Structures are given as C-alpha cells and as structure tokens.
Amino acid sequence: QVGPMRSEVPGHSPEQTQCSLHPFRISFHQLGLENWIIAPNLYSPNYCKGSCPRVLRSGLCSPNHAIIQNLINELVDRNIPRPSCIPYKYTPISVLLVEASGSILYKEYEDMIAQSCTCR
Amino acid sequence: TNSQDAAAPAHVALQLPLLRALLQEVPPKTPQWQPARGRPLQYMLELYRQSADPQGHPRENRTFRVDAVRLVRPAGHRALPPRGPWYVQTLDFPLQPNREGYQLVRAAVAYRPHLRLSHSHLSCHVEPWAHKSSLLLGGGSPGFALPEAWAEMDITNYIQQQFWPQERRRTLRIQVKCEQQERTNLGLGWRQALASDSAFLVLYFNNTFDSMPQVRLQELLTGDPAGADPLLLARQVR
C-alpha cells in the first residue's frame with residue numbers, strides 16, 4: 001500500500017522540475033575546431049534534467065525496474081536512490097571535416113544528439 | 001546560454017562524446033594540413049547538403065546510406081605531350097591502409113566532362129591506368145545525385161580486385177583524357193585547366209564494428225584481449 005502523496009520539491013511545481021529534454025547548442029568555433037569541421041556550424045547534443053516523479057507516467061518510457069526502485073525508495077529504504085533522469089533516444093549527426101592528409105570526410109556518428117528522456 | 005561567445009573549457013569539450021569520437025578520427029593539425037577549398041569542397045558540400053540538414057541531422061530520404069565518404073585529392077599529376085586533339089594527364093591517388101572495421105562499398109572517380117578554356121573547350125573522360133584486360137568497372141552501390149558539371153566513373157570492382165583489402169600504402173593511377181573540340185592552338189593553357197582539381201577519388205565506406213566479434217574489438221581497441229574494461233570498451237565503440 002503506497003503512502004500518502006507528498007510534494008515533489010517545496011516551492012516548485014512538478015511541471016517545472018520534472019525530467020525533460022533541454023536544448024543545448026555549442027559552436028565548433030567555441031571549441032576551437034572550426035578549422036577542420038566544415039559542417040555543421042553548431043552541435044546540439046541537448047541534455048536531460050529534472051527530477052523523476054514518484055509516479056512514473058508512461059511518457060517517460062521507464063522500465064518496470066524503475067517503478068520498483070521508486071517504491072523501494074519510498075517504502076523500504078531511503079538509501080536506495082530514485083531513478084535518474086537520463087536520455088532515452090538519440091539521433092545521429094552528420095559531419096563534414098578535413099583530414100590531416102587534405103582529404104575531405106563525410107561521416108555519420110550514431111547516438112550523438114539526445115532526442116528524449118527517461119527515468120531509470 | 002550567457003557565455004555563447006566564450007570558449008568552452010577544454011575539460012568540457014573533451015567530455016562531449018562527439019568530440020572524443022572526432023579526435024580519434026582525425027590527428028592534430030600537422031604542417032602538411034591545408035584547409036579545404038575549391039572544387040573538392042564544393043563537391044562535398046553538395047553531398048553533405050543532400051545527406052543532412054543544416055543542423056547535421058541525416059536526411060531520411062537520402063539516396064545513399066553509408067557511414068562515411070572520403071574525397072581523396074591527387075598527390076601528383078603529370079601531363080603527357082599532346083597527340084593530335086588529345087590532351088592526357090595522369091593523376092596519382094594515395095590509398096591509405098584499410099582501416100579496421102571499415103568496408104569499402106563504392107569507389108568512383110569524379111571529374112568534369114567539359115572544361116572551358118579561353119578560346120576553346122575540352123571534352124574529357126577518365127580511365128584507370130591499367131591493361132584493358134584487367135579493367136572491370138562498375139559494381140558499386142548508388143552514389144549521390146551529382147552536381148550538373150560533374151560526372152563519375154564507378155571503379156568499385158577495379159579497386160576491390162586490385163587494391164582491397166590493402167595493408168600498406170599504395171597508389172591508384174588514373175588518366176584524364178580530353179579531346180579538343182575546335183582546331184585552335186591551346187598553348188599551355190590546357191595544362192592549367194587540367195591541373196586544377198579536374199578529377200578526384202571518392203570512396204564510400206560502411207562501418208562494420210557492429211558485426212565484429214567482441215573479442216576482436218577488444219584486441220583492436222585496447223591491444224589487450226584480457227584486460228579491457230567492458231564499460232570503457234562499449235563507450236569507445238560508440
């Protein structure tokens with residue numbers, strides 16, 4: 001039997017702090033790599049941030065284990081942490097770059113951009 | 001977001017997975033390094049435009065699906081004496097040793113079939129420098145939609161038979177044959193026209209890491225089949 005609901009974080013609504021995807025962009029110029037990265041100009045890896053709610057809604061794509069771990073934290077042992085907010089799906093990025101030999105390389109790198117988040 | 005114009009600290013940059021992957025791919029800047037420009041750059045930018053959007057997301061409807069495409073510029077060229085209307089130049093392309101985990105799926109020589117000079121123009125084609133009996137052209141998967149001024153000769157079968165898989169540095173020699181359309185004296189202008197990036201080699205690769213046995217991957221990435229940290233190994237593969 002689950003105990004009474006309590007507020008997630010005092011002073012903040014769950015919508016503001018709940019695990020979600022946040023945009024983040026950085027330019028290759030900022031990283032000092034503009035000389036050999038031809039395209040794209042910007043890299044948008046994004047990131048996941050926020051607390052994982054006590055009741056894991058289906059949109060978070062959390063596995064059964066995350067739900068159990070949440071219950072253990074709530075009912076059995078507070079030393080067991082609640083699930084973490086982490087990326088769930090990624091997309092690749094295509095990069096055009098100059099190699100040291102002078103060759104030009106087009107390459108696709110898998111799992112480089114976070115597309116959605118999950119609690120697990 | 002308040003520090004968009006400031007350079008990111010180095011330790012932050014190295015934590016970005018894309019950068020770690022890129023730094024494994026490309027050695028640091030060397031004295032021979034030159035920025036990309038000219039026709040090869042325009043060619044690869046068109047390939048990129050067809051393959052990905054400006055943010056770098058691969059397009060769903062791209063005509064070819066490979067993991068990497070490398071444009072190789074000729075390391076040397078030599079003009080042969082003109083014979084009648086024919087102007088011939090040989091180009092040497094350095095072929096790097098075959099990288100583990102990469103499978104060649106297409107090789108082509110991209111060239112400009114029509115070269116304009118000030119008072120004339122040339123119609124050109126390319127051929128591998130080989131006996132006719134050993135020439136087996138074609139065999140590659142579809143490439144991208146070429147810009148209008150360019151043509152390609154598919155030499156996938158030829159490369160795979162003669163050069164691949166290779167374990168040491170070798171050179172592919174091709175010849176660019178151009179026929180003058182008008183009977184005017186070209187002087188030495190044709191040499192300049194042919195020398196300026198008239199043809200280059202385009203290699204298409206697929207990454208076969210996913211199908212490589214785990215033990216082989218471990219050896220490849222760590223040099224030590226027994227001592228690798230499985231978690232680190234997985235990160236490096238990605």
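Every value quoted in this text rests on a predicted model; they were computed, and no experiment measured them. Just so it is clear: chains get the letters A, B, ... in the order the sequence lines come, proteins before strands, and each one is counted from 1.
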Quiz item: Counting heavy atoms not belonging to B/Arg78, are there more than 12 under 6.0 Å from its CZ?
Solution: no

Quiz item: Checking B/Leu45 against chain A: side chain, backbone, both or neither under 4.5 Å from a heavy atom?
Solution: both

Practice problem: With a 4.5 Å cut-off on heavy-atom pairs, point out which of B/Ala52, B/Ala68, B/Pro40 contacts chain A the most. | Solution: B/Ala68

Quiz item: Is the CG atom of A/Asp77 crowded by more than 12 outside heavy atoms at less than 6.0 Å?
Solution: yes

Quiz item: Just how far is it from atom CG of B/Leu71 to atom CG of A/Leu96, taken to the nearest 0.5 Å?
Solution: 9.5 Å

Exercise. May I ask you to name which of B/Val202, B/Val69, B/Leu47 has the most heavy-atom pairs under 4.5 Å with chain A?
Key: B/Val69

Quiz item: Taking all non-hydrogen atoms of both residues, which atom of B/Pro58 and which atom of A/Ser94 are closest, and how far apart?
Solution: CG-OG, 3.3 Å

Practice problem: Name the region of B/Arg62, side chain, backbone, both or neither, that has any atom closer than 4.5 Å to a heavy atom of chain A. | Solution: side chain

Quiz item: Atom CD1 of A/Ile104 and atom OH of B/Tyr48: how far apart are they, to the nearest 0.5 Å?
Solution: 13.5 Å

Practice problem: Heavy-atom pairs under 4.5 Å with chain A are the metric here; pick the option from B/Gly56, B/Pro94, B/Ala75, B/Pro54 that has the most. | Solution: B/Gly56

Quiz item: Is A/Ile38 close to B/Met44 at the side-chain level, that is, under 4.5 Å between some pair of heavy atoms?
Solution: no

Quiz item: Is it the side chain or the backbone of B/Val66 that comes within 4.5 Å of chain A heavy atoms, both, or neither?
Solution: backbone

Practice problem: To the nearest 0.5 Å, tell me how far A/Ile93 CD1 sits from B/His57 NE2. | Solution: 7.0 Å

